[in-house]
2 protein chains.
Amino acid sequence: MEQNQELKKAGLKVTLPRIKILEILQAPANQHISAEDVYKILLEQGEEIGLATVYRVLNQFDDAGLLDRHHFEGGKSVFEMGQKKHHDHLVCLKCGKVIEFEDDLIEKRQIEVAEKNNIKLTHHSLYLYGVCQPSCEDR
Amino acid sequence: MEQNQELKKAGLKVTLPRIKILEILQAPANQHISAEDVYKILLEQGEEIGLATVYRVLNQFDDAGLLDRHHFEGGKSVFEMGQKKHHDHLVCLKCGKVIEFEDDLIEKRQIEVAEKNNIKLTHHSLYLYGVCQPSCEDR
DNA sequence: AACAATTTGAATTTGTTTCTCAATTACCAC
DNA sequence: GTGGTAATTGAGAAACAAATTCAAATTGTT
Ligand SMILES: [Zn+2]
Ligand SMILES: [Zn+2]
Ligand SMILES: [Zn+2]
Ligand SMILES: [Zn+2]
């Protein structure tokens, strides 16, 4: 179980809820997933893991730096495993599709803007909202 | 009362709660203010206006395009009168200070990124988080 | 003043996330 | 393996921002 190593490395005891939640987050289909949706998948899998535990474990993973937390428009937090390189997000307002992108020029300008304003930059959030072309065009 | 004209232009009846809330939002000291804080100021002013009305009126102002709504890190919505030119925000994580900035290059790149990914861009949110230098450096 | 339509305040509800606490489980030492 | 201890869990309650409900009050218009 490579999940076990990940958990131990993060200083967390190896427990069933944490293994299951980690597995769900690691699945390619579940990038950018909400706590509620993690919980739904656990239910479908027949696991008896409480919603409070899901929130708790996600926060622990966040503290341990295992994942990134996003706040897309519309309220709830969205999580994604964070081993990848930094990137920002495009979100379709119609179908909810999320596209990741990196733009070095934007990143560089952000640093310059912060410097110009005497702020030591720690992180940033950039979300581009729009509509998929042409698939979500009408509807 | 120029507030009355603003409200009428937005298709809203001129009522005391709306005038008072509009006044608060227009005060230079109250850029980037939360609903809760608008309510607190009303209380200090001795106005008997309910919190539900504050939320309702802020939504109406938002629908009417009178203000912009932001989601800074840490939960609640933050509002600002929206007659100004588009801008993005730097936020100090220690003292909460908000600095506005515009960067045409970043704006342009965003449009290009959206085009490249076949998304018709409607809007975006960009927040830079950090620590004021040198004032909030330690503490 | 009279009227319909809108708006309001108080209380209730919703939706997301956190907290509490007793029962369970993981991990370390023996 | 067994025992001990601290960490973890599930269920429910609580917290929090925000939206909704509805009877009463207010607005803008005759
Ligand atoms: Zn970025
Ligand atoms: Zn991503
Ligand atoms: Zn911008
Ligand atoms: Zn601003």
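All chains are named by letter (A, B, ...) in the order of the sequence lines, taking the proteins before the strands, and each is independently numbered beginning at 1.
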Under the criterion side-chain contact (heavy atoms from CB on, under 4.5 Å), I'd like the reasoning laid out for B:E112 against A:D103: C-alpha separation, chi angles, the key distance, then a yes or no. CA-CA 10 Å; B:E112 289 168 11; A:D103 191 292; 6.0 Å; no
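- Rounded to an integer number of Å, the gap from CG of A:L7 to P of D:dA7 is 17 Å.
- For D:dA18, one of the phosphate oxygens OP1 or OP2 lies less than 4.0 angstrom from a side-chain nitrogen or oxygen of B:Y55.
- The CG-P distance, from A:N59 to C:dT17, rounds to 9 Å in whole Å.
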One pair to check against side-chain contact (heavy atoms from CB on, under 4.5 Å): B:H89 and B:H32. What are the steps and the verdict? CA-CA 10 Å; B:H89 299 87; B:H32 317 113; 3.1 Å; yes
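- One atom, CZ of B:R69, and another, C1' of D:dA18, lie 9 Å apart when rounded to the nearest Å.
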Could I get a table of every N or O pair under 3.5 Å where one atom is in the protein and the other is in nucleotides 8-11 of chain D?
unit_1 : atom_1 : unit_2 : atom_2 : d
D:dT8  : OP1    : A:R18  : NH2    : 2.3
D:dT8  : O5'    : A:R18  : NH2    : 3.4
D:dT9  : OP1    : A:T15  : OG1    : 2.6
D:dG10 : OP1    : A:E48  : O      : 2.8
D:dG10 : OP2    : A:G50  : N      : 3.4
D:dG10 : OP2    : A:T53  : OG1    : 2.4
D:dG10 : N7     : A:R56  : NH2    : 2.8
D:dG10 : O6     : A:R56  : NH1    : 3.1

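- A continuous path of hydrophobic side-chain contacts links A:L42 to A:F79 [ILVMFWY only; heavy atoms under 4.5 Å].
- With a 4.5 Å cut-off on side-chain heavy atoms, A:E115 and A:L121 do not count as touching.
- For DNA chain D, no neighbouring residue in residues 36-46 of chain B is found when judged by any heavy atom under 4.0 Å.
- The closest donor-acceptor contact from the side chain of A:H87 to the backbone of A:K85 lies under 3.5 Å.
- Residue A:S77 places at least one side-chain N or O under 4.0 Å from the OP1 or OP2 atom of C:dT17.
- Following rounding to the nearest Å, B:L51 (CG) and C:dA11 (P) show an atom-to-atom distance of 13 Å.
- When rounded to the nearest whole Å, the span between NE2 of A:H71 and P of D:dA17 equals 15 Å.
- The separation between A:Q3 atom CD and C:dA26 atom P is 16 Å, rounded to whole Å.
- Between the side chain of A:D62 and the backbone N or O of A:L58 there is no donor-acceptor pair closer than 3.5 Å.
- Looking only at distances, no side-chain donor or acceptor of A:N30 sits under 3.5 Å from a matching main-chain atom of A:L25.
- Nearest approach of A:Y129 to A:E73, heavy atoms of both residues: OH-N, 2.9 Å.
- In A:K84, the NZ atom is crowded: over 12 heavy atoms of neighbouring residues, nucleotides or ligands sit closer than 6.0 Å.
- Distance B:F61 CZ to C:dT7 C1': 13 Å, rounded to the nearest Å.
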